[in-house]
Number of protein chains: 2
Amino acid sequence: MKYPTLYQAFRKYINLSPEAYLDLENRLVHKTLDKKEFLIKEGQVIRYLPFIHKGLMVNYRLDDEGEKHVIQIRWAGLWLGDLYSFFSGAPTKFNIRTYQPTELLMINHETFDFITEKHPIYEKYFRLSIQNAYIATLNQIFNLHSSSAEARYLELIKNVPELLNDIPHYLIASYLSIKPQSLSRIRKNYK
Amino acid sequence: MKYPTLYQAFRKYINLSPEAYLDLENRLVHKTLDKKEFLIKEGQVIRYLPFIHKGLMVNYRLDDEGEKHVIQIRWAGLWLGDLYSFFSGAPTKFNIRTYQPTELLMINHETFDFITEKHPIYEKYFRLSIQNAYIATLNQIFNLHSSSAEARYLELIKNVPELLNDIPHYLIASYLSIKPQSLSRIRKNYK
DNA sequence: ATATTTCATTCACCTATGTTAATGAAATAC
DNA sequence: GTATTTCATTAACATAGGTGAATGAAATAT
């Protein structure tokens, strides 16, 4: 078993036999990304479901003025990417890239079809996975509605303290939906 | 065929035979809600997937101070409710209620299991349905990040002009993540 | 029909966050 | 190793949206 992190990710939601896991592991595409590299750019059709083995990735969209808006920050142990584009074949509106060297384990369509057919339990896993991604975004909307930028910042660094060292602060600001100057102002109160 | 609206909703994403549709139709629970009635309250476990046949419904969460935050407004032709709670059995954090007389067509677990087993195409439909709900919430986050309250208001009434007559304005304000007074201020500019 | 409650609106004032500009430190490119 | 670019921070000022209070209209209850 080369990737116990991945096995644990499955075991969190389903009871997966080591054999069924190995059927997948043998077909994974291992991809290494440098610091500051793109995985996905707007307009592309997503051909892989990527799992973050090491490192972290940032998902942002561009508005009409070309400004970045960070929608998701995902780290080791999580899936990411545009499930919608992967399953529907529609071009994505997202840009997904690294700011730290990152290793991904990726599943392509052929592998997805193979393992879900051979082991239907994987189907359940991915439905649960979408469901959880969905509920997480509903929570994110609720937080944007109900908490101040300061409260969202404190919550974020409580959950993921290492984030401040792993990506530029202006991306954290964007994720919190404020400007870098405002993030600095908030941070000044906690020194 | 008693509910062509529902059939059309399926046909939007999948190729469903009338026979397969009728297998479901016979098992639907038809529910009529008065003006101002609750379908779901926080803490309950969701036992139905509701489709809005006529009318519209509002989904909100309460924050620590007990203030409502409207997360979704859904109208005829759409599914709603907490798919997560329905599938996982976890108690919901949402409150879902009417502000207009509304008719629902509901699927319980038994019916869901029956029709997805007999017609696996339904399984695909509900996966697509979750996917679309997920992508819609990601868009909602992007809009909260990138558009002013005024722009979000104009966009909303462009898409759903009748909303202003169908639910109290303070709920529209909440959905836009502003206060009723601010919504009034914005509306004053467009008279 | 009358009383009560709910709701939309307005206003004056307040506050959180945005904007513009400047500075130095750190990272990167040459 | 030096030049250049990127980034975080600060400050002064601007603005969108919040707050609290008042008013009248509409909806609801009695």
Side-chain angles (χ1 to χ4, degrees), chain A residues 33-38 56 58 60 63-70 73 97-101 141 143-157 161-191, chain B residues 33-38 56 58 60 63-70 73 97-101 141 143-157 161-191:
Chain A
L33 290 165
D34 223 344
K35 190 168 185 169
K36 300 211 175 191
E37 218 178 323
F38 277 92
L56 87 172
V58 170
Y60 64 83
D63 68 20
D64 300 340
E65 275 86 42
E67 198 169 333
K68 288 187 183 69
H69 296 275
V70 175
I73 301 171
R97 52 167 301 186
T98 57
Y99 289 87
Q100 287 295 319
I141 291 174
N143 288 336
L144 284 169
H145 279 229
S146 62
S147 304
S148 68
E150 181 165 339
R152 297 200 302 279
Y153 170 70
L154 292 175
E155 176 76 10
L156 182 66
I157 59 163
E162 62 275 22
L163 207 58
L164 286 165
N165 304 315
D166 287 352
I167 60 173
H169 289 190
Y170 69 85
L171 293 175
I172 296 175
S174 173
Y175 178 73
L176 295 169
S177 199
I178 55 176
K179 302 289 159 182
Q181 296 92 320
S182 300
L183 179 56
S184 278
R185 185 156 37 196
I186 289 169
R187 282 165 49 75
K188 194 159 49 157
N189 298 336
Y190 295 91
K191 282 200 296 210
Chain B
L33 290 165
D34 223 344
K35 190 169 184 169
K36 299 211 176 191
E37 218 178 323
F38 277 91
L56 85 172
V58 171
Y60 64 82
D63 67 20
D64 300 339
E65 275 86 43
E67 197 169 335
K68 288 186 183 71
H69 296 275
V70 176
I73 301 172
R97 53 167 301 185
T98 58
Y99 289 88
Q100 288 295 318
I141 292 174
N143 288 336
L144 285 169
H145 279 228
S146 62
S147 304
S148 67
E150 180 165 341
R152 297 199 303 278
Y153 170 71
L154 292 175
E155 176 77 10
L156 182 65
I157 58 162
E162 63 275 23
L163 207 57
L164 286 166
N165 305 314
D166 286 352
I167 60 173
H169 289 189
Y170 69 85
L171 293 174
I172 296 175
S174 173
Y175 179 72
L176 295 170
S177 200
I178 57 177
K179 301 290 160 181
Q181 297 94 317
S182 300
L183 179 56
S184 278
R185 183 154 42 193
I186 288 169
R187 281 164 52 73
K188 192 157 53 155
N189 298 335
Y190 295 91
K191 283 200 293 209

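What's counted below: heavy atoms across the whole structure, side chains too, no hydrogens, waters or symmetry copies. This one's a predicted model, so the numbers in the text were calculated from it and none came from an experiment. Just so we're on the same page: letters track the sequence lines, and every chain starts at 1.
Judged purely by atom type and a 3.5 angstrom limit, B:R97 has no side-chain atom pairing as donor or acceptor with the backbone of B:V58. At distances below 3.5 Å, not a single donor-acceptor pair connects side-chain atoms of A:T98 with backbone N or O atoms of A:F38.
Scored by the side-chain contact (heavy atoms from CB on, under 4.5 Å) test, A:Y170 finds A:Y99, A:P168, A:P180 as partners (sequence neighbours excluded). With sequence neighbours excluded, the residues satisfying ring pair (Phe, Tyr, Trp, His ring centres under 6.0 Å) with B:H69 are A:F142. Every side-chain contact (heavy atoms from CB on, under 4.5 Å) that A:P101 has, sequence neighbours left out, goes to A:K35. A:E65 pairs by the side-chain contact (heavy atoms from CB on, under 4.5 Å) definition with A:D63, not counting sequence neighbours. Shown here are the side-chain hydrogen bond (donor to acceptor under 3.5 Å, both in side chains) partners of A:Q100, two or more places apart in sequence or in another chain: there are none.
Distance B:L144 CG to D:dG17 C1': 15 Å, rounded to the nearest Å. Taking atom CD of A:E150 as the reference point, atom P of C:dT17 lies 8 Å away to the nearest angstrom. The distance between atom CD1 of B:I186 and atom P of D:dA16, rounded to the nearest whole Å, is 10 Å. One can place CD of A:E65 at 10 Å from P of C:dT19, the figure rounded to the nearest angstrom.
Remark on DNA chain D: of its neighbouring residues A:P180 and B:R152, the 5'-side contact belongs to A:P180, judged by nearest-heavy-atom nucleotide. Of the two residues contacting DNA chain C, namely B:Y99 and B:K188, the nearest-nucleotide position lying further toward the 5' end is that of B:Y99.
A:L176 places a side-chain heavy atom less than 4.5 Å from the side chain of A:L156.
Of the side-chain N and O atoms in A:R187, one or more sit less than 4.0 angstrom from OP1 or OP2 of D:dT9.
Using five terminal pairs a side, the axes of the helix from C:dA1-D:dT30 to C:dC30-D:dG1 at its two ends make an angle of 60°, given in steps of 10 degrees.
What you find for B:L144 and B:R152 is that their closest heavy atoms are CD2-NE, 3.8 Å.
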Base-contact (B) and sugar-phosphate-only (S) positions in nucleotides 18-30 of chain D, heavy-atom cut-off under 4.0 Å, - elsewhere: BBB-------S--
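Within the structure, no pair that satisfies the salt bridge (charged side-chain N to carboxylate O under 4.0 Å, His left out) test touches residues 165-178 of chain B, not counting sequence neighbours. Contacts classified as side chain to side chain donor-acceptor pair (under 3.5 Å) and involving residues 172-189 of chain B (residues at least two apart or in different chains) are given here: B:E67-B:K179, B:Y153-B:R187.
A heavy atom lying under 4.0 Å from DNA chain D marks none of the residues of residues 161-173 of chain B.
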